[in-house]
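Down below is the structure, laid out as structure tokens.
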Amino acid sequence: MQNAAANRPKVVIIGAGFGGLEAAKKLSGQDVRVTVIDRTNYHLFQPLLYQVATAALSPADIAAPVRAVLSKCKNVEVMLAEVQSIDVNAKKVKMIDGELTYDYLIVATGARHSYFGHPEWEKLAPGLKSLEDAVEIRRRILMAFEYAEKISDEETRKAAMTFVIVGGGPTGVEMAGAIAEIARYTLAKDFRHIDPSQARVILVEGEPRVLGAFPEDLQVSAMKQLVDLGVEVRTGTHATNLSEQGLQVGDEFIPCRVKIWAAGNNASAVGRSLGVPIDRVGRVIVNNDLTIPNHPEIQVIGDLANFSHQTGQPLPGVSSVAMQQGRHAARNILAMINGGKPQRFWYFDKGSMATIGRNRAVADLKLVHLSGLPAWLAWLFVHIIFLVGFRNRLAVLFQWAWAYLSFNKGARLITRSFQAEQRPPT
């Protein structure tokens, strides 16, 4: 029996995000050996990262251990490792501490934020792609108010209570709305020397409107809802010259302590090792069946893939795309094992949503466009449904209900880096 198992085709999935997990689940119970490799031991529900960054949720509320998620998939094993490159000719995945052979490979390593040639800006304006990013942004937001409470210089205090978000996509809009809410409601009565409700929240977007991928009526609605919440929306301009003191927005220099980057992405460097064409942000240009040229045994999905065969433009880097591609990649592998060919991928677009704050959101459901409370309720329902793990759903639902009724966000913890702490000698 062990020899029979060893002779089964070996499928390696790099990345335990939305796409990688869906592929692993689809291959569960099939006559294949599956290994899922990820550099963290948890699956992260990225759409709710901004709620960790703004103290609405704790990190454990939006993450689930990969081994627990796949524990019932008996033909699937999980490996905690960081992949450095892929040798497509030798069919080997090279990791920091070893290598792994494969018969079929699904690459779903995602993307990180891009600073358009200014990597030094990352320390000044963190992006939001990981739990570490979210916890660091939460620390900076809460520390800004603590710093403002201690100082007496009015100009320095104003700069400390100015928050600039660069990028008006869904992440930027959600962050701007959430920071405005925490300042105006959650923290309003917590301080004695400052009024947190007077904090400035500025959203900077280079395009004429925010949420460029949404229909025009929802873009207009989102901007109005942001303004109603007190957010200053600066469109048609770019942020430059980021420094500790602030940043340049058009012709104006804005002194600010907290800057958050939501303006662009760069695909994972693992894609470059495949030796096939990539686009300007590092995404692998895949065939219409998700395979790469000359290697049908390799499929690339999610944020790492540039799939332009359906609309002429790359599919958006959202969870629904990754999940559908993950399931399709698994079906392709099963077809190839049985002597068939990989089939063309078609994305079924169910719409898109972005939340702005309490009772504030926009939703493009294709057949209907929603704004305000109806859109917020739809957003709430969809995100609860897609959270991994029953415990996570209950925890998040309870946290949201409590926050809704009380305006109190219960995860307002300022964490420090243990290694960076100054401690007295023992």
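These values consider heavy atoms only, across backbone and side chains, with no hydrogens, waters or symmetry-generated copies.
- Proximity of Asp349 to Lys366: side-chain heavy atoms (C-beta onward) are separated by under 4.5 Å at one or more points.
- Ring geometry for Phe163 against Phe145 counts as tilted: the plane angle lies between 30° and 60°, on a 0 to 90° scale.
- Ring planes of Trp261 and Trp121: tilted class, angle from 30 to 60°.
- A donor-acceptor contact shorter than 3.5 Å is absent between the side chain of Glu77 and the backbone of Val34.
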Decide yes or no on salt bridge (Lys or Arg N to Asp or Glu O under 4.0 Å) for Asp133 and Arg112, but give the supporting numbers first. CA-CA 11 Å; Asp133 294 334; Arg112 286 286 291 171; 2.7 Å; yes
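- Between Ile292 and His295 there is a side-chain heavy-atom pair separated by less than 4.5 Å.
- In this structure, Phe345 has its ring center no closer than 6.0 Å to that of His309.
- Cation-pi geometry between Arg358 and Tyr185 is not satisfied (NZ or CZ under 6.0 Å from the ring centre, within 45° of the ring normal).
- Around atom CD of Gln313, no more than 12 heavy atoms belonging to other residues, nucleotides or ligands sit under 6.0 Å away.
- Not less than 6.0 angstrom separates the ring centroid of Phe307 from the ring centroid of Tyr347.
- Judged purely by atom type and a 3.5 angstrom limit, Glu207 has no side-chain atom pairing as donor or acceptor with the backbone of Arg209.
- Proximity of the aromatic rings of Tyr115 and His113 is defined here by a centroid distance below 6.0 angstrom, and this criterion is met.
- Salt-bridge check for Glu146 with Arg139: failed, with every basic side-chain N at 4.0 Å or more from each acidic carboxylate O.
- Side chain of Arg67 to main chain of Val78: a donor-acceptor pair is present (N/O by atom type, distance under 3.5 Å, no hydrogens or angles).
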Using the rule given for salt bridge (Lys or Arg N to Asp or Glu O under 4.0 Å), can you reason through Asp279 versus Arg283, listing the C-alpha separation, both sets of side-chain angles and the distance that settles it, and then say yes or no? CA-CA 5 Å; Asp279 64 13; Arg283 290 175 297 191; 2.7 Å; yes
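- With hydrogens and angles disregarded, no donor-acceptor distance shorter than 3.5 Å links the side chain of Gln325 to the backbone of Gly19.
- For His118 and Phe116, the gap between ring centers reaches or exceeds 6.0 Å.
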